[in-house]
Amino acid sequence: MEPRGTKRGAGKTEVVEPRNKVSHPAPSLPTDPALYSGPFPFYRRPSQLGCFSLDAQRQYHGDARALRYYSPPPTNGQGPNFDLRDGYPNRYQPRDEEVRESLDHLLRWLLEHRGQLEGGPGWLAGAVVTWRGHLTKLLTTPYERQDGWQLAASRFQGTLYLSEVETLAARAQRLTRPPLLQELMYMGYKFEQYMCADKPGGSPDPSGEVNTNVAFCSVLRSRLGNHPLLFAGEVDCTDPQAPSPQPPTCYVELKTSKEMHSPGQWRSFYRHKLLKWWAQSFLPGVPNVVAGFRTPEGFVCSLKTFPTMQMFEHVRNDRDGWNPSVCMNFCAAFLSFAQNTVVQDDPRLVHLFSWEPGGPVTVSVHRDAPHAFLPTWYVEAMTQDLPSPPKTPSPTD
């Protein structure tokens, strides 16, 4: 899952070294926002196909045991005064970011449910399978000015699989992450602890350990233009009081941000942070983001709800703002680019799409380890139509 602000992702990234490269000329895809400012493309309302959970040891379970329930503090005219530093670092168990997960958890879900998909297993042929966080990065690319990305793509049985690869720059940043940033990441998870209960109608218990291995993931089906999508993403909580009890419209995204004091700070917030919040929530159909605004001392002093479908209104008249049509049109263009580039059906063949701010998306071609990301247990089970995945697949397969 994606850390707060970048949010933790159930799909772990990996580092690709320039070995086993297959050389041949490859086209590129421009990212200039002006090229994608047409009408908003068709996007099918996302529907939830199922879910799965990851426990405190990061083990997969094909159920909703990790789902938490939205339980905001009473509105009594006072701020919540949540201490987001409480428990750090003694009651904190961060996930091991060195462990490669790729698409593995989503692939386990697919193996368990491939015979139950609407339209049958054949529906996957021609579809794109990935994590929500990877699509989020595509949506924000036309406006991103700092961080590049890499996406590995392989076609298998007609399905296009996309898995993020950790760039060398991102890995260097992660390994040299300053203590303040580490604490800010903790604060995002701590905020969830203050806002969520373990059962409907329950009360939050912020005295426990913050363990970022635990995750509840929704598996969703949608379509962007003519591209069928099957993707999964972490869900922070469900609202028992939501007008519609059906997922994903009952889900709530939780975020934190620093307290705002000036119109300039709000403009920057709307232009940058709200774009990422919108992309992350619009894709799975999550209707609301609840933000906790924190003081420099780490106390949440106020809460504000941002309806996903109204976020664009904050930048509609800002010439330096963002446009949802540009985001979705670029994502559709990238998916067409990838579908037309990755034509050979071979899980050992990887097309690596790379992008740095200011430039186009480029492609390089690789074969086998360390680039191939579809695990042997998945390829063999799909090929032989085995009844179920192995109990504990090796992350190095």
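Since we're looking at a predicted model, the values are computed, not measured. All residue numbers refer to positions in the sequence shown, counting from 1.
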For Glu112 and Tyr60, test the side chains for any donor-to-acceptor distance below 3.5 angstrom and give the result as yes or no.
yes

Carboxylate-amine/guanidinium contact Asp345 Arg155, below 4.0 Å:
no

Below 30° counts as parallel, above 60° as perpendicular, anything between as tilted: where do the rings of Phe330 and Tyr36 land?
perpendicular

How far apart are the closest heavy atoms of Glu253 and Val286, and which atoms are they?
N-CG1, 3.9 Å

Would Phe299 and Phe82 count as a close aromatic pair, with their ring centres under 6.0 Å?
no

If only atom types and distance count, is the side chain of Trp322 paired as donor or acceptor with the main-chain N or O of Tyr270 below 3.5 Å?
yes

Compare all side-chain heavy atoms of Arg132 with those of Gln280 and state whether any distance is below 4.5 angstrom.
yes

Are there over 12 heavy-atom neighbours, none belonging to Asp346, within less than 6.0 Å of that residue's CG?
yes

Does Asp104 offer a backbone N or O that forms a donor-acceptor pair with the side chain of Glu101 under 3.5 Å?
no

Salt bridge check, Arg91 against Asp86: does any charged N sit closer than 4.0 Å to a carboxylate O?
yes

Taking the basic N atoms (NZ, or NE/NH1/NH2) and the acidic carboxylate oxygens, is any pair closer than 4.0 Å for Glu183 and Arg177?
no

Donor-acceptor contact below 3.5 Å, side chain Thr249 vs main chain Gln246:
yes

Is any side-chain N of the basic residue among Arg267 and Asp318 closer than 4.0 Å to the acidic one's carboxylate O?
no

Does the side chain to side chain donor-acceptor pair (under 3.5 Å) test come out yes or no for Ser163 and His134, once each step is laid out?
CA-CA 7 Å; Ser163 181; His134 304 351; 4.6 Å; no

Closest non-hydrogen atom pair between Thr130 and Leu162, with its separation:
OG1-O, 2.9 Å

Heavy-atom nearest pair, Ala291 first then Phe191, reads C-CZ, 4.2 Å

For atom CD of Gln146, decide whether the heavy atoms of other residues, nucleotides or ligands shown that lie under 6.0 angstrom number more than 12.
no

For the ring pair His113 and Trp109, is the centre-to-centre distance below 6.0 Å?
yes

Check this for me: does any side-chain nitrogen of one of Glu98 and Arg171 sit under 4.0 Å from a carboxylate oxygen of the other?
yes

According to the interplanar angle, ranging from 0 to 90°, do the rings of Tyr161 and Phe156 count as parallel (below 30°), tilted (30 to 60°) or perpendicular (above 60°)?
tilted

Can you name the one residue among Phe269, Phe282, Phe312 that meets ring pair (Phe, Tyr, Trp, His ring centres under 6.0 Å) with Phe306?
Phe269

Distance only, no hydrogens: is a donor on one side chain within 3.5 Å (strictly under) of an acceptor on the other, for Arg221 and Gln48?
no

Pair Arg65 + Asp63: basic N to acidic O under 4.0 Å:
yes

Quick one: do the Trp149 and Ser354 side chains pair a donor with an acceptor below 3.5 Å?
no

Output field: ring centroids Tyr92/Tyr189 closer than 6.0 Å
no

